[in-house]
Amino acid sequence: MKAPDFSYYEAETLSDAIKFKSQDDEAIILAGGQSLLPALNMRLSSPSCLIDISKLKDLNDIRLEDNSIYIGALATHTQVMESSIIIEKFPSLVSILKMVAHAAIRNKGTHGGSISYGDPAAELPAFAVAMNAEIIVSGLNGNRSIAAEDFYLGLFETDIKSDEILIGINYPLVKNNEKIVFEEICRRHGDYAMAGLIAKVKTYQSTIEKLKLVFFATGDRPNVTSKTSEIVVNNGYEYSVIKKSLSSEIDFAGDLNSSEEMKLHLATILISKILKKLEN
Amino acid sequence: MDDIKVNQNPKLGSFDRPNSYIGRSLPRENAKKHLEGGGQFVDDLVLPRMVNVAFLRSPFAHAQIVSINFEEAKECPGIIDIFTANEIDEICKPWVGTLGHLGEMKSPEQTPLAKSVARWQGEAIAVVIAKTREQAEDALELIEVEWLEKEAQVDMETALNDDAVIIHEELGSNLFWTRTVEQGNVENAFKEAETVVETTLDFARHTGVTLESRGIVADWNKAEEKMTVYHNGQAPHMMQHIIAKHFNVNEGLVRIVSRDVGGSFGIKVHVYPDEMAAVAVSKKIGRPVKFIADRLESFTTDIHARCHKISGKLAVDKDGKITAMEVNDLSGIGPFSMYPRTSAIETNQVLNLSGAPYVIPNYKAIGTVVFQNKTPMCQYRAVGHPIAVAITEALIDKAAMKIGLSLAKIRKINFIPDNSYPNKTPSGVPLEDLSHQASMDKLLSIMDIDNIENLNKDDLIPGTISGIGVISMSEVTNPSPLFYGVGGAHISSQDGASIRLEGSGAVHLSSSITEQGQGTEAIMKQIAADQLGVSMDTVRVTLGDTDATPYGGGTWASRGAGIGGEAVLKAARTLKTNILNIAAAIMQTDIDSLDIANNNVIRKNGEEGISLQKLAEIVYYRGHEIPKGTNPELLATASFLIEGVPFVFTNSAMGCHVSIDQDTGIVKINKFWVVEDCGTQINPKLVEEQIRGGVIQGIGGALFEECVYDNQGNMQNATMADYLVPMAYEMPDIIVDHVTTNSGRSIIGAKGAGEAGTGGAPAVLMNAINNALAKVDAEVTSQPITPEKILRSMNKI
């Protein structure tokens with residue numbers, strides 16, 4: 001469990017990092033290293049070069065803009081959780097991040113790292129999709145903004161091109177009649193979930209007007225289930241109906257801790273849990 | 001000393017005398033060292049000219065090695081050499097993991113590196129020697145092996161079928177060992193039984209997951225023909241014998257050093273092929289060689305444990321009295337029986353311990369142990385106990401439910417009475433000094449069992465059910481020569497201690513017991529200081545070095561306090577007598593008028609005495625001042641072994657309360673209670689650490705831990721992210737209490753306390769979960785009890 005040889009480049013500016021990356025297809029960006037370094041040590045990954053961007057100061061900004069919140073790619077999970085802007089405007093993100101691994105990992109792991117790694121079992125990609133976030137990448141031809149829902153192409157596969165680096169995420173503010181509700185079911189605290197759900201709910205006079213459901217740890221990417229949302233909004237929750245709908249909308253992939261059937265069942269249960277939360 | 005508990009052993013002297021340390025929760029001194037990162041582990045060791053090794057390991061569960069080509073690998077930077085079995089077998093004699101006292105065992109010869117066939121995924125076939133481990137791993141990637149993959153015998157349940165893959169042709173079958181124990185007339189008893197209950201339980205493989213992985217530095221000194229091995233093992237003298245024997249070195253010239261060890265749990269008491277290969281490399285190239293298992297190697301080469309399927313039935317009469325019990329256990333141990341303890345002992349314990357707390361006049365137990373193409377399986381903490389306790393206690397709960405008795409009542413009716421010892425287990429193993437009745441009574445009282453329904457208020461939450469479990473168990477500790485020695489293994493059942501007063505008045509103690517984090521060093525110091533009459537800071541302890549400590553067994557099977565502690569007690573008492581004899585001669589008085597307290601020889605009548613420092617100065621530097629003919633020995637050595645019985649048993653009673661989310665299958669342990677009777681507690685806080693830590697490991701086996709294999713024999717979850725050990729968040733509140741029945745086999749009266757938690761927790765958890773599931777007509781019988789298994793039992797998925 002020792003990493004294979006690689007060269008190491010500590011980028012001083014973003015443009016240097018982009019230039020370097022565009023010249024070397026096999027180079028990988030190193031930010032917090034919480035997924036990359038174990039993969040290197042297990043020799044699951046053998047990049048030619050690690051481009052360390054962790055020293056790029058202007059990439060860890062968290063700021064309130066007119067209609068959105070911007071989180072810089074290098075903001076660590078701990079920084080995000082402790083940011084007064086996030087605590088005030090996005091309390092749901094704080095409670096989600098509490099379920100991301102453990103304190104030591106959250107101290108090093110970055111927001112952009114989690115979004116760009118695209119682990120289908122991770123919370124943040126699903127959160128970005130649920131929030132209709134804009135993912136901002138920077139490349140040789142300047143910046144490009146991608147809707148989160150279009151960003152995830154498959155298992156660990158994203159729309160980042162080889163000369164691009166993710167620099168930040170823009171989250172639209174949650175409106176007064178909107179709520180973000182989150183639930184996940186894990187075997188151990190801090191583990192990747194067996195199934196998880198982030199819901200964005202628009203209410204009108206305490207009835208649900210619009211519902212966006214984004215599941216994680218269910219398939220090969222964050223799974224958006226619009227038909228199931230419609231059923232819930234129009235007809236309410238009925239276990240067998242919802243289960244049937246989810247099974248047609250998500251291509252469930254089992255893992256060591258839960259089979260496809262288990263994930264389908266838990267996904268169905270998650271919706272009822274979220275609805276209960278909304279009632280309270 | 002915030003948690004002072006009075007020892008209840010009159011043989012140890014009054015508790016209110018000075019330097020009375022036995023029975024007190026003193027802080028352990030070596031905790032500070034570890035907290036500051038100042039421990040010295042094998043991987044911290046760097047010797048001049050030292051090289052590192054990495055192993056080429058089989059990617060297949062069963063495959064023939066057609067050819068190996070390492071020409072390119074040998075050209076890598078830093079590579080010193082690459083060896084296969086051909087080179088290593090010249091240096092190291094093969095071994096066979098069998099013992100002679102338990103009937104016929106058939107296991108093949110094993111060598112450090114597989115010769116032509118690899119028989120589990122992870123078995124080493126070549127060793128790369130390099131300046132650094134990184135360089136060795138780089139070279140590994142360039143070795144070309146032509147494999148011929150063979151069909152693997154993965155499933156233990158089909159290992160004896162006619163169409164099974166025979167793993168060792170020369171043995172003719174995959175049967176390693178089988179044994180049947182029978183007392184009374186079981187067949188007849190079941191025929192005449194009024195009520196019979198049956199069940200079959202499955203236990204998945206799991207492993208020990210020590211914080212510090214296995215490691216070894218072997219240093220062959222050709223000039224002295226001396227082999228020094230720094231090893232994070234549990235039994236240095238056993239390793240000394242084994243290395244001498246297999247590497248043809250004079251045993252007196254083998255030195256094993258086991259300093260700080262980061263957890264062992266029985267994982268580190270076996271002989272591992274890769275460690276033997278590292279020793280062979282050192283002898284072959286004449287340089288120090290380091291091997292540190294990485295976490296992947298730990299998961300696929302550290303011994304696994306459990307892997308049992310056990311069926312049982314129990315007959316009770318109309319009053320709930322047990323009339324007969326029968327169990328039939330199958331276990332899969334991988335392709336080799338481990339050396340030198342064999343992989344039979346877990347099953348043997350199942351046969352010995354099923355039904356152990358109860359009077360069962362007719363008892364039969366059959367054990368069958370088979371080979372398979374998985375990582376070798378062997379003895380891990382609470383060997384066999386979880387299986388024996390779970391099958392017994394599951395059957396008793398079933399019987400209770402069937403005839404309408406409470407969980408406590410049916411046990412009380414059937415316990416071997418506390419006043420009936422010496423007695424025997426249903427399997428015929430001698431028992432002494434146990435307290436199942438008193439321990440259960442205490443458990444029920446601390447659980448407040450009559451008001452336990454208050455805890456079941458979770459039942460009122462929609463979708464939640466709750467349940468309770470109570471169990472009793474007997475725990476094998478302090479083994480005698482009848483455990484391994486009688487079977488031909490060179491594993492000492494004695495332990496020794498040597499204690500001396502030094503010129504400064506300091507006391508030095510060395511013991512053959514070893515420390516792996518449980519606090520043995522601390523309790524040895526407490527016993528020595530207590531029995532000698534000196535302050536704790538006067539005593540320095542040396543452990544884990546065959547050149548510096550007395551000969552002995554080491555730390556395993558909960559033998560440190562009861563056997564090693566007794567040796568320290570005896571040595572300290574002899575030293576005290578020697579000191580008082582000298583003092584009496586110097587002070588011209590009678591030895592009976594003197595005592596030692598607070599580092600001074602004192603006169604019982606209160607007149608002035610002499611400090612140990614002054615006495616030592618006289619003896620060592622001005623010996624002419626001592627009257628002629630006085631024995632000037634300020635040192636003493638003693639040994640101790642258990643005689644007359646195979647083991648000193650401990651007993652405990654446990655209870656737990658769980659809630660289950662019927663939607664998710666998640667189990668929440670609301671509270672856990674343990675009453676342990678381990679005789680004299682040297683340091684109650686350390687005893688409770690043993691019990692709590694053991695319970696957590698038991699929870700691991702019951703709910704989380706599993707070495708998951710696919711049907712080709714590939715381990716699927718060999719990382720700490722995928723193999724689930726319970727973490728702080730999963731640990732419940734564990735209430736520990738005690739009943740004290742001292743062992744009559746020693747003065748100190750201590751019995752072992754290390755196995756109970758791990759041995760009993762899986763049973764009590766399973767019973768509590770099934771107690772809850774019974775409310776919805778469901779039942780689980782397979783461990784680990786995962787959320788998915790619970791939901792499937794309820795037909796939710």
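Numbers restart at 1 for each chain; the letters A, B, ... are given by sequence-line order, proteins then strands. We use all heavy atoms of the structure for the numbers below, so side chains are in, but hydrogens, waters and symmetry mates are not.
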Q: Decide whether Thr464(B) and Asp661(B) meet the rule of one side-chain donor and one side-chain acceptor closer than 3.5 Å.
A: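 On atom types as modelled, these side chains do not qualify, holding no pair under 3.5 Å.
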Q: Quick check for you: among Arg43(A), His265(A), Glu261(A), which has the greatest number of heavy-atom pairs under 4.5 Å with chain B?
A: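 Highest number of pairs under 4.5 Å: Arg43(A).
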Q: Heavy-atom pairs under 4.5 Å with chain A are the metric here; pick the option from Leu724(B), Val708(B), Val667(B) that has the most.
A: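 Most heavy-atom pairs within the cutoff with chain A belong to Leu724(B).
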Q: Can you tell me which portion of Thr268(A) sits under 4.5 Å from chain B's heavy atoms? Options are side chain, backbone, both or neither.
A: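 Neither the backbone nor the side chain of Thr268(A) comes within 4.5 Å of chain B.
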Q: For Arg187(A) and Ser258(A), test the side chains for any donor-to-acceptor distance below 3.5 angstrom and give the result as yes or no.
A: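 There is no such pair (donor and acceptor under 3.5 Å, judged by atom type) between the side chains of Arg187(A) and Ser258(A).
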Q: What part of Glu788(B) gets closer than 4.5 Å to chain A, counting heavy atoms only: side chain, backbone, both or neither?
A: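 Contact with chain A is through both the backbone and side chain of Glu788(B).
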Q: Where does Leu791(B) contact chain A at under 4.5 Å (heavy atoms): side chain, backbone, both or neither?
A: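 Leu791(B) touches chain A through side-chain heavy atoms alone.
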Q: At a heavy-atom distance under 4.5 Å, which candidate from Arg133(B), Glu297(B), Glu706(B) has the highest pair count against chain A?
A: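 Looking at each option in turn, the highest pair count goes to Arg133(B).
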Q: Find the one option among Ser259(A), Ser272(A), Cys186(A) whose heavy-atom pairs under 4.5 Å with chain B are most numerous.
A: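 Most heavy-atom pairs under 4.5 Å with chain B: Ser259(A).
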Q: Does any non-hydrogen side-chain atom of Pro125(A) lie less than 4.5 Å from one of Tyr152(A)?
A: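 When only atoms from C-beta onward are counted, Pro125(A) and Tyr152(A) do touch, with a gap below 4.5 Å.
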Q: Can you tell whether the side chains of Asp274(B) and Arg57(B) come within less than 4.0 Å, N to carboxylate O?
A: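 The answer is yes: the pair qualifies as a salt bridge.
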Q: Which atoms of Asn257(A) are under 4.5 Å from chain B, going by heavy atoms: the side chain, the backbone, both sets, or neither?
A: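 It is both, since atoms from each part get that close.
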Q: Could you check if a side-chain atom of Val42(B) sits within less than 4.5 angstrom of a side-chain atom of Asp44(B), using non-hydrogen atoms only?
A: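 They are not in contact (no side-chain heavy atoms under 4.5 Å apart), so the answer is no.
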Q: For the interface with chain B, which of Met262(A), Lys273(A), Arg188(A), Met194(A) has the highest count of heavy-atom pairs at distances below 4.5 Å?
A: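 So the answer, after comparing Met262(A), Lys273(A), Arg188(A), Met194(A), is Arg188(A).
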Q: Would you call Asp255(A) and Lys263(A) a salt bridge, taking side-chain N to carboxylate O under 4.0 Å as the test?
A: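 Yes, Asp255(A) and Lys263(A) are salt-bridged.
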